[in-house]
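Notes for the one structure printed next.
Computed from a predicted structure; not experimentally measured. All ligand and atom numbering here is 1-based and tracks the order in the structure.
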Amino acid sequence: MQDEPYFYHPLENIEDIDDFETAVNRTHLTKSLSPERPYTYWTLEIYDQENGIRGGGGLGVLAADTRRIAEQMGVPFALITPFYPSEGHQKMDGNRVIDEHHPVDYRNFGFKYIDSVNIKCCGTLCHLDVVEKCFRSSRIICITEPNFGELYSGMSGSDHRLYQEVSLGFGGYAALKLLGLKPAIMQLNEVATFFAALARLDELASNGMDFYEAVVYTRKHTLYTNHTLVQAAEAEFGIEQFERFVYPNLKSPAVRKWINDKFVNGKMKLSSVAIEIAELRSGVSKLHARVANYHDIAGNKVKFKAITNGIDMNKWVMPEIMKFYHENNIVDSINYPTEKFIGNLSAITADKIRELKRRGRIVLNETLANRPDQNGKILHFDDDEFIFDFKRRFVDYKRPELPFKNLSRLKQILESANAHYILAGRIHTGDDTMAGKLYKLLDEIKKDEFLSSHVHYIADYDEKLAYGLSCGSNTAINVPIVGLEACGTSWMKDIANLNLLISTHDGGVADASYDNYLSVRGASENDELEELYRRMEEAVNAWQNDFDLEFLMQKQLSAYIPVISGSRMMRDYLDYLFPA
Ligand SMILES: *Cc1c(COP(=O)(O)O)cnc(C)c1O
């Protein structure tokens with residue numbers, strides 16, 4: 001505890017009041033971006049190992065890619081996120097997965113210390129260090145402290161999570177002011193970042209702006225990006241948790257009353273207030289924006305603008321393949337599809353595909369050189385060995401176990417093609433259901449000599465493994481239960497790196513029609529399974545037949561390059577936020 005006033009960084013002038021008239025009189029923002037007035041992006045998770053921060057999955061990959069794309073396009077951009085001083089890893093012990101924790105120091109990744117800010121929690125003043133890493137037009141601003149913990153440590157409605165979320169929101173907003181930055185827009189990457197918008201509302205309402213004007217203003221400048229489908233599944237916080245972690249950081253009694261009124265039976269889902277504070281709302285694929293089932297406090301269904309995720313192709317696509325796309329005028333210098341890209345795709349011949357994939361195989365073998373499979377074996381694949389891969393978080397709806405439901409059928413497919421099946425994906429700590437499914441699968445495979453040497457589980461799935469597999473495998477399998485994948489981006493890495501995609505018609509894959517890839521459709525899981533096996537055989541045959549290979553690859557790319565392109569995504573966001 002300290003005596004100095006906590007969290008008090010008064011504004012020299014009330015940052016936004018001049019723009020207020022403009023904002024309330026227009027449907028959208030008109031203010032353009034500048035270095036002092038950047039696009040701000042708030043996220044509890046970023047997957048950016050190059051910059052020292054490891055994420056959990058797609059949400060974090062998207063955050064890191066969005067910043068890199070903004071950088072490539074010269075968009076003034078500030079990403080605000082925690083720097084977690086510890087990160088989780090997994091390794092195999094026999095057929096079992098063990099969690100490990102590694103300390104991480106921001107100083108080893110080019111971040112520099114700026115100053116510290118305070119937030120107040122449970123009657124104590126908490127110091128948060130503000131550290132920053134600048135790029136050209138973008139920067140990553142982190143708040144951190146030694147006991148901040150790990151990403152997603154604890155349960156989602158726990159005190160520690162609330163502490164992390166409040167730290168990012170109030171601490172991150174104070175950090176922006178420390179750096180002299182005024183957000184042109186606040187994009188909230190999921191509801192856990194809600195407190196950033198609350199901090200702004202409180203700032204405005206406690207510095208002379210009328211409360212209702214402050215609400216209108218904050219709403220006009222906040223974009224809430226939803227990645228989840230069902231509101232019902234979201235964790236709740238209790239009012240007494242807010243009394244300890246949130247209210248001490250609010251200066252405006254009106255804001256406190258506003259938020260306090262949003263509790264229902266003493267409980268609150270952050271999505272209900274994120275919807276209230278953000279007039280701009282987006283979902284991450286066409287299908288997801290349509291089916292996300294969210295209601296506002298008045299009970300009305302919430303509409304989400306569809307802005308499908310893209311990827312940073314410079315990061316995820318093999319340089320040799322990018323060079324090919326550029327030389328053949330398939331994408332332009334910021335990796336936006338050219339006007340003639342579909343015609344130009346005819347340059348992708350079977351010979352070219354095989355040549356580029358030979359290079360990809362080398363990348364994969366290098367990636368696997370220090371990552372043994374469940375048998376402790378270091379894998380090395382020759383060019384003529386066929387590889388199927390399934391790589392994504394092990395969560396129920398993604399159905400990693402589906403292809404193993406009929407083991408003899410799977411074995412027959414792999415045997416006749418001399419094919420390997422590589423599984424990679426982290427199990428969320430404490431997810432006993434998924435751990436059980438993996439163990440059952442590994443135990444069954446172990447009983448069969450052929451399967452044991454042709455089905456490989458690689459632990460500690462991360463960006464490097466994702467990259468290596470998309471470069472070096474032949475066919476990727478993506479079979480979420482239809483309706484449950486918000487977007488998915490692994491499949492984008494696969495298509496761009498010239499793999500065939502076998503997928504259910506879900507998430508961003510459903511942005512284009514199902515005849516553009518090897519689709520798995522069926523009225524029941526059994527039908528889907530049969531279709532999946534047929535598609536696996538089809539993929540093996542296509543890789544042996546130049547005409548089919550070219551045809552399928554060109555079809556995938558012509559349908560999906562515009563979806564995959566990260567600069568397309570960034571343009572979609574900018575058009576939505578700052579229409580001409
Ligand atoms: C690309 C990537 C993801 C995204 O996975 P999806 O299941 O396709 O959303 C997750 N984790 C890592 C490490 C990745 O590289």
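Each of the atoms 13 (C) of ligand 1 lies under 4.0 Å from some heavy atom of Asp462. Taking every heavy atom of Lys493 and a limit of under 4.0 angstrom, the matching atoms of ligand 1 come to 1 (C), 2 (C), 3 (C), 14 (C), 15 (O). Atom numbering of ligand 1 starts at 1 in the shown order; those under 4.0 Å from a heavy atom of Thr489 are 1 (C), 4 (C), 6 (P), 8 (O), 9 (O). Per-residue contacts place Gly57 under 4.0 angstrom from the following atoms of ligand 1 (heavy atoms of the residue considered): 10 (C), 11 (N). For ligand 1, the atoms lying closer than 4.0 Å to a non-hydrogen atom of Arg392 are 7 (O). The contact set between ligand 1 and Tyr47, taken as ligand atoms under 4.0 Å from a residue heavy atom, comprises 13 (C).
Remark: the Asn375 side chain and the His456 side chain contain no N/O donor-acceptor pair separated by less than 3.5 Å. Side-chain contact annotation: His89 with Arg426, donor-acceptor N/O pair under 3.5 Å absent.
Contacts between Lys398 and ligand 1 below 4.0 angstrom, taking non-hydrogen atoms only, involve the side chain exclusively. With a heavy-atom cut-off of 4.0 Å, Tyr467 does not touch ligand 1 at all.
With hydrogens and angles ignored, the 3.5 Å screen pairs a side-chain donor or acceptor of His160 with a backbone N or O of Phe148. For the pair Lys133 (side chain) and Phe109 (backbone), a donor-acceptor distance under 3.5 Å is present.
Taking the six-membered ring for Trp, Trp491 and Tyr560 have ring centres closer than 6.0 Å.
Remark: Arg392 fails to qualify as a cation-pi partner of Tyr461 under the 6.0 Å distance and 45° angle criteria applied to the six-membered ring. A cation-pi arrangement, defined by a distance under 6.0 Å to the six-membered ring centre and an angle within 45 degrees of its axis, is absent between Arg161 and Tyr152.
Residue contact annotation: Arg393 has no non-hydrogen atom under 4.0 Å from ligand 1.
Ranking protein heavy atoms by distance to atom 11 (N) of ligand 1, first place goes to Tyr461 CE2, 3.6 Å.
Residue-to-ligand polar distances place Ser490 within reach of ligand 1: an N/O pair is separated by less than 3.5 Å. Taking distance alone, with nitrogen or oxygen atoms compared against 3.5 Å, Glu485 stays at or beyond that limit from ligand 1.
Between His420 and the choices Phe381, Phe386, Phe390, the ring-ring contact (aromatic ring centres under 6.0 Å, His included) rule is met once, by Phe381.
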